[in-house]
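Please read the structure below before turning to the comments.
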Amino acid sequence: MSQFRTLDDADLRGKRVLVRVDLNVPAENGRVTDRTRIARILPTIREIADKGGRAVLLAHFGRPKGGPDEKNSLKPVALALAEELGRPVAFVPATVGDIAHSAIGSMKDGDVVLLENTRFHAGEEANEAGFVDQLAALGDIFVNDAFSAAHRAHASTEGLARRLPSHAGRTMQAELAALARALERPERPVVAVVGGAKVSTKLELLGNLVTRVDVLVIGGGMANTFLAAQGKAVGRSLCEHDLLDTARDILAKAGKCRIVLPVDAVVASEFKAHAPSKTVSVDAVGPDDMILDIGPQSVAAVKAVLEAARTLVWNGPFGAFELQPFDAGTVAVAQEAAALTLSGALVSVAGGGDTVAALNAAGAADGFTYVSTAGGAFLEWMEGKVLPGVEALRL
Ligand SMILES: Nc1ncnc2c1ncn2[C@@H]1O[C@H](COP(=O)(O)OP(=O)(O)OP(=O)(O)O)[C@@H](O)[C@H]1O
Ligand SMILES: O=C(O)[C@H](O)COP(=O)(O)O
């Protein structure tokens, strides 16, 4: 961690500390429905406040089009944050300018305020120098605790880190350490599991992973494209038929990396919970069938792969896990990974919004070595891409 300044290196007392956090949390009708990301940033905020810093939180929420819109206000999130923190969090209905200055000017040591959505200003996503200046004028030092937004080169993630003395927050530190352990200097054999639905966005990831891991397990909707590329019928399953050549290229360049695809599947003719289903070989998928989960033989094969592995990196469920009983494959593999991790045999790291939801639903998340709350940033990191928000923190 010597490549980054951390809170250990910061003189916080009496300082205005601009803290970039990720409060892009799921919400419905103005109520936060999942507080995982809030829980992750508490240690950094508490440490800054307890050391006498004045924590000025910066965050985005949703994807507003560069102007204020009530639907994307962070105000309700400030309430949830205050509850989790167990201390007041003053919400400031402005991101920069006089209102923000005056609210920050009246802070005392140990206070916490949350500024309005950074994306209400077009300069945020454009990483405009003028907007970076306006943000920088509000603080003395910058702390980035938002790994999950670090793939964005925005004013509050990248620009500020280059403008003010900058430090990695505790969650950023933990995330980088866990991810480095899993892919940069992992114990081998390393297994990557890639599933889920977003085939086209994850194909580049697969192409990169085959050069870095020992075994690549492909599941979920992803696998269907590969089965089709091998000439198998996939019926009405989720499948990107225009990407079959890309899938074939990935299979061809696998080299020493073993690729594990499902050998059996649970199929149904409707995409809904408890739809009548049957288990078939992947060579016997009918024209009306939809593959909604991997079958028991595939589960056994993946478990065997995990038993022989030392490191696991996982993104994407094995099936339509929100619909019972099509969660069975994901649940079984998640529980096996958690058990192997708890026994000390495996280092396991998982990331992705739906993946984390699936691991939680399986009761397996606590068993993993590290569960990242990052979606896009986790994928880009797995792809081996440079994350601008992380790069800007490097010494
Ligand atoms: N065989 C399948 N057929 C259809 N949908 C599937 C199948 N397997 C998995 N899915 C769907 O994949 C989705 C999750 O995949 P996704 O690629 O979005 O995961 P993620 O990367 O963890 O999510 P996020 O983008 O939120 O970070 C789930 O909604 C699940 O129902
Ligand atoms: O939810 C996320 O993955 C991060 O907060 C980044 O959000 P974005 O995809 O809208 O940039």
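Start at 1 and go down the list; that is how both ligands and their atoms are numbered. Worth saying up front: this structure is predicted, and the values here are computed from it rather than measured.
- Put simply, Ile259 and Phe226 are part of the same group of oily side chains (I, L, V, M, F, W, Y) that touch within less than 4.5 Å, one to the next.
- Of all the atoms in ligand 1, the ones that sit under 4.0 Å from a non-hydrogen atom of Gly220 are 1 (N), 8 (N).
- Other residues, nucleotides and ligands contribute more than 12 heavy atoms inside 6.0 Å of the NZ atom of Lys385.
- Remark: ligand 1 atoms within the under-4.0 Å shell around heavy atoms of Gly375 are 27 (O).
- Legend: salt bridge (Lys or Arg N to Asp or Glu O under 4.0 Å) pairs involving residues 306-322, not counting sequence neighbours, sorted by first then second residue: Glu187-Arg310.
- Considering both main-chain and side-chain atoms, Gly221 comes within under 3.5 Å of ligand 1 through a nitrogen or oxygen pair.
- Within a 6.0 Å sphere centred on CG of Asp98, heavy atoms belonging to other residues, nucleotides or ligands number 12 at most.
- Among the atoms of Asp293, none of the N or O lies under 3.5 angstrom from an N or O of ligand 1.
- Remark: ligand 1 atoms within the under-4.0 Å shell around heavy atoms of Phe271 are 4 (C).
- Close N/O approach between Ala197 and ligand 1 is found [any backbone or side-chain N/O within under 3.5 Å].
- Counted within 6.0 Å of CG on Asp9, heavy atoms from surrounding residues, nucleotides or ligands total more than 12; the atom is thus considered enclosed.
- Nearest protein neighbour of atom 24 (P) of ligand 1, counting heavy atoms only, is Lys198 NZ, 3.3 Å.
- Within the structure, the closest approach of Lys202 to ligand 1 falls below 4.0 Å when heavy atoms are considered.
- A side-chain N or O of Thr341 and one of Ser348 form a donor-acceptor pair less than 3.5 Å apart.
- Summarising the contacts of atom 9 (C) of ligand 1 with Gly219, Ala377, Gly319, the nearest heavy atom is found in Gly319.
- Neither the backbone nor the side chain of Phe378 comes within 4.0 Å of ligand 1, counting heavy atoms alone.
- In this structure, Arg40 satisfies the cation-pi test against Tyr370, with its NZ or CZ atom closer than 6.0 Å to the six-membered ring centre and inside 45 degrees of the ring normal.
- Ion pairing between a basic and an acidic side chain is recognised when a charged N comes within 4.0 Å of a carboxylate O; Asp283 and Lys232 show such pairing.
- Between Arg236 and Asp288, at least one side-chain N (NZ, or NE/NH1/NH2) sits under 4.0 Å from a carboxylate O, which counts as a salt bridge.
- Taking every non-hydrogen atom of Thr355 and a distance limit under 4.0 Å, the qualifying atoms of ligand 1 come out as 20 (P), 22 (O).
- Ion pairing between Asp111 and Arg54 fails under the 4.0 Å rule for side-chain N and carboxylate O.
- Residue contacts with ligand 1: Gly353 is placed with a nitrogen or oxygen under 3.5 Å of a nitrogen or oxygen of the ligand (distance criterion only).
- For ligand 1, the polar-atom distance check against Ile291 finds a nitrogen or oxygen pair separated by under 3.5 Å.
- Below 4.0 Å from some heavy atom of Asn315 lie the following atoms of ligand 1, by number and element: 21 (O), 22 (O).
- Contact residues for ligand 2 (protein heavy atom closer than 4.0 angstrom to any ligand atom): Asp22, Asn24, Arg37, His60, Arg63, Arg119, Ser148, His151, Arg152.
- Which parts of ligand 1 touch Gly352 is read off a 4.0 Å heavy-atom cut-off, strictly below it: atoms 22 (O), 27 (O).
- Salt bridge Asp249/Lys253: absent, no basic N to carboxylate O contact under 4.0 Å.
- Of all protein heavy atoms, the one closest to atom 31 (O) of ligand 1 is Glu322 OE1, 2.6 Å.
- Under the 4.0 Å criterion applied to side-chain N and carboxylate O atoms, Glu391 and Arg394 are assigned as salt-bridge partners.
- The aromatic rings of Phe368 and Trp314 sit tilted, their planes meeting at an angle between 30° and 60°.
- For the 3.5 Å distance criterion, the side chains of Arg20 and Ser156 qualify, holding a donor opposite an acceptor.
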